[in-house]
2 protein chains.
Amino acid sequence: MPVATRAKAPEQTWTIREIAEEFDVTHRTVRHYEDLGLISPERVGTTRIYHRRDKTRLGLILRGKRLGFPLEEIRTIIDLYDAPRGRRSQLEYVLGQIDERRSDLEQRRRDLDAALSELDRFEESCRNDLGRLG
Amino acid sequence: MPVATRAKAPEQTWTIREIAEEFDVTHRTVRHYEDLGLISPERVGTTRIYHRRDKTRLGLILRGKRLGFPLEEIRTIIDLYDAPRGRRSQLEYVLGQIDERRSDLEQRRRDLDAALSELDRFEESCRNDLGRLG
DNA sequence: GTATTGCTTTACGTTTACGTCAACGTCAAG
DNA sequence: CTTGACGTTGACGTAAACGTAAAGCAATAC
């Protein structure tokens, strides 16, 4: 009956190698993100211990990268999610930042949609040519 | 009655400075794209003359950049649009490339949508906090 | 004339995002 | 006890995407 004896569920942790492997990056990349302050794993002695929140953050970082954001900008975004929201002024600042982020992302979506429709038109034109050859 | 006398409409052209200004980049950037083979303006003596197709290309390049693509990849994309499509094998290659492009762009859209909905949830949470503060 | 303005090339500098050693600590296995 | 396997911290290297400075030609401006 471990339920009665343990105070908390033993939270699972990971080593840097496991983390790197799971996200398909090198340990050097993970350490680089730490250097830039994007993640800050627990330390046991000198060894890094990664918790679930570190994995969440790494996921956010890599998605930001896929979207083409520079790491410094990614840091400000992630930090935004952890920013203090106790005072009204702090909350209003955060809400303003959210709006900026959103317009940025929406611009990207416009670009993306434009690129996709051009691609569609191009494909149709190609299929047309193929038909004439058929 | 210039219509009867001119063989073609005199196509408008631009200088590097005008192009750079219009797209809000430096002339150095424009030349850099030329170095990489992304644009190849006409030359009159040593001076570069930009036509409408150069502007079109520059527009594509900058949109690709906003989407986070590296310049080399942008070059392969742009070249794709100008690729020869005379033979069936060429057309089939192009169609394959189009599919690759499309899955790439669709992955980006998934990332983008995920980022936007997270942002929405975060904003709501902030507005909630703001409401509790009165 | 010459002086300024705008274009050119060449070439080295900078930032970002890691890669790649080198040199060392540590812990379980043989 | 020493040999790996895995961890650590520097420190230097590199590729991409330009910035920037140097030095030159060429056409208007005065």
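Reminder, nothing fancy here: chain letters follow the sequence lines and each chain counts from 1.
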Consider the side chain of [X], meaning its heavy atoms from C-beta on, and name the nucleotide among [options] that approaches it most closely.
X       : options                : value
B/Arg17 : C/dC7, D/dT8, C/dA17   : C/dC7
A/Ile16 : C/dT8, D/dT8, D/dA17   : D/dT8
B/Thr29 : D/dG19, C/dG19, D/dA17 : D/dG19

Interatomic distance where [atom1] belongs to [X] and [atom2] belongs to [N] [whole Å]:
X       : N      : atom1 : atom2 : result
A/Ile39 : C/dC18 : CD1   : P     : 11 Å
A/Glu42 : D/dG7  : CD    : P     : 16 Å
A/Leu36 : C/dT15 : CG    : P     : 14 Å
A/His27 : D/dT8  : NE2   : C1'   : 9 Å
A/Ile19 : D/dG7  : CD1   : P     : 11 Å
A/Glu72 : C/dC18 : CD    : P     : 13 Å
B/His32 : D/dA16 : NE2   : P     : 9 Å
A/Leu71 : D/dA16 : CG    : P     : 17 Å

>> Looking at B/Arg121 and B/Glu124, is there a salt bridge between them, counting it only when a charged N and a carboxylate O are closer than 4.0 Å?
In response: no

>> Quiz question: going by heavy-atom distance under 3.5 Å, is there a donor-acceptor pair between the base of C/dG19 and the side chain of A/Arg28?
In response: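 Yes, the side chain and the base share a sub-3.5 Å donor-acceptor pair.
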
Are [X] and [N] close enough that a side-chain N or O sits under 4.0 Å from OP1 or OP2?
X       : N      : answer
A/Arg48 : D/dG7  : no
B/Arg43 : C/dT9  : yes
A/Arg31 : D/dT8  : no
A/Tyr33 : C/dC18 : yes
B/Thr15 : C/dG6  : no
A/Thr26 : C/dG19 : yes
A/Thr46 : D/dT9  : no
B/Lys65 : D/dC18 : yes

> Could you walk me through whether A/Arg109 and A/Asp113 pass the salt bridge (charged side-chain N to carboxylate O under 4.0 Å, His left out) check?
Replying inline: CA-CA 6 Å; A/Arg109 186 154 62 178; A/Asp113 287 346; 5.2 Å; no

>> Under the criterion side-chain contact (heavy atoms from CB on, under 4.5 Å), I'd like the reasoning laid out for A/Arg85 against B/Leu130: C-alpha separation, chi angles, the key distance, then a yes or no.
In response: CA-CA 9 Å; A/Arg85 294 150 57 182; B/Leu130 200 61; over 6 Å; no

> Looking at A/Phe69, does the NZ or CZ of A/Arg108 lie under 6.0 angstrom from its six-membered ring centre and within 45 degrees of the ring axis?
Replying inline: yes

>> Under a plain distance cut-off of 3.5 Å, with no hydrogens placed, do B/Asp111 and B/Gln107 share a side-chain donor-acceptor pair?
In response: yes

